[in-house]
Amino acid sequence: MYVNKRIIKDVLDSLAVFLVAVFLFIGVIALLCVFGGEIMSCFGFTYSSVRSVIGFFVIGAIISWPISLTAEAIPKVLCYDKKVLRKWQAVIVYIVLATFATSVGLFVVDSHTTKVVANKPSIIVVSLLLALFNSYSIIVHRPENT
């Protein structure tokens with residue numbers, strides 16, 4: 001049986017690139033989670049391990065994802081499609097809704113975990129920071145075709 005070595009080499013190269021991308025993605029997520037945990041520790045956030053912090057933020061993001069989609073869509077529709085809001089008003093609406101959406105997810109995770117203890121101010125502050133960082137890319141710097 002003849003096996004083309006070029007095809008095998010291409011498959012192995014693609015697999016190596018995919019694995020490197022996965023490890024980089026996991027590393028970036030871990031750094032963001034630890035950074036968020038350190039910000040929250042100023043407000044009384046405690047955790048037992050880095051793994052528990054990563055789990056806290058990842059599960060919180062998964063839970064708050066449907067609400068976050070709505071929080072992203074409402075200001076876009078009101079600003080760009082319906083022309084009801086100005087851009088700065090849409091940013092404020094987005095920040096409020098995104099802070100609420102992220103807070104809901106993190107509150108749910110906090111109420112069901114024992115390895116991570118977060119109080120309300122720390123969750124709200126991190127949710128607000130995430131909303132502020134995302135507001136530029138979602139509302140202010142809007143691509144032309146969306």
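Small disclaimer: the values here were computed from a predicted structure and weren't measured.
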Less than 3.5 Å apart, which donor and acceptor atoms pair up between the side chains of residues 98-105 and the rest of the protein, not counting sequence neighbours?
| unit_1 | atom_1 | unit_2 | atom_2 | d |
| --- | --- | --- | --- | --- |
| T99 | OG1 | I95 | O | 2.6 |
| T102 | OG1 | A98 | O | 3.0 |
| S103 | OG | T99 | O | 2.7 |
| S103 | OG | S127 | OG | 3.1 |

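- Heavy-atom minimum distance, V116 versus S52: CG2-O, 3.6 Å.
- If you chain together hydrophobic residues whose side chains sit under 4.5 Å apart, F35 and V125 fall into the same group.
- Other residues sharing a hydrophobic cluster with V28 under the 4.5 Å side-chain heavy-atom criterion for ILVMFWY residues are L32.
- S122 has its side chain within reach of N119: a pair of non-hydrogen atoms, C-beta onward, lies under 4.5 Å apart.
- Here L106 contributes atom CG and I124 contributes atom CD1; the two are 10.5 Å apart, rounded to the nearest 0.5 Å.
- At least one side-chain heavy atom of I29 sits under 4.5 Å from a side-chain heavy atom of C33.
- For the residue pair T114 and V117, the shortest heavy atom distance occurs at O-CG2, 4.4 Å.
- Among all heavy-atom pairs drawn from V108 and H112, the shortest one is O-ND1, 2.8 Å.
- Taking CG from L12 and CD1 from I7, the interatomic distance works out to 12.0 Å, rounded to the nearest 0.5 Å.
- Rounding to the nearest 0.5 angstrom, the gap separating the CG atom in L129 from the CG atom in N134 is 11.0 Å.
- In this structure, CG on L132 lies 4.5 Å from CG on L128, to the nearest 0.5 angstrom.
- Side-chain contact between Y94 and K76 is absent, with no heavy atoms from C-beta onward closer than 4.5 Å.
- Within the model, atoms SG of C79 and NZ of K87 stand 7.0 Å from one another, a figure rounded to the nearest 0.5 Å.
- F23 is not connected to L31 by any chain of hydrophobic side-chain contacts under 4.5 Å among Ile, Leu, Val, Met, Phe, Trp and Tyr, and they are in different clusters.
- Residue pairs meeting the salt bridge (charged side-chain N to carboxylate O under 4.0 Å, His left out) criterion with at least one member in residues 12-29, sequence neighbours excluded: K9-D13.
- Applying the ring pair (Phe, Tyr, Trp, His ring centres under 6.0 Å) definition to pairs two or more places apart or across chains, those involving residues 45-68 are F45-Y47, F45-F56.
- Using a 4.5 Å cut-off between side-chain heavy atoms of Ile, Leu, Val, Met, Phe, Trp and Tyr, with links allowed through other members, V93 and L130 fall into different hydrophobic clusters.
- Residue pairs meeting the salt bridge (charged side-chain N to carboxylate O under 4.0 Å, His left out) criterion with at least one partner in residues 97-122, sequence neighbours excluded, do not occur; the list is empty.
- Through direct or indirect side-chain contacts shorter than 4.5 Å among Ile, Leu, Val, Met, Phe, Trp and Tyr, L24 is connected to V20.
- Put simply, the side chain of E72 never gets that close to the backbone of L69: no donor and acceptor are under 3.5 Å apart.
- When the side chains of ILVMFWY residues are joined at heavy-atom separations under 4.5 Å, either directly or via intervening members, I67 and L78 end up in two distinct hydrophobic clusters.
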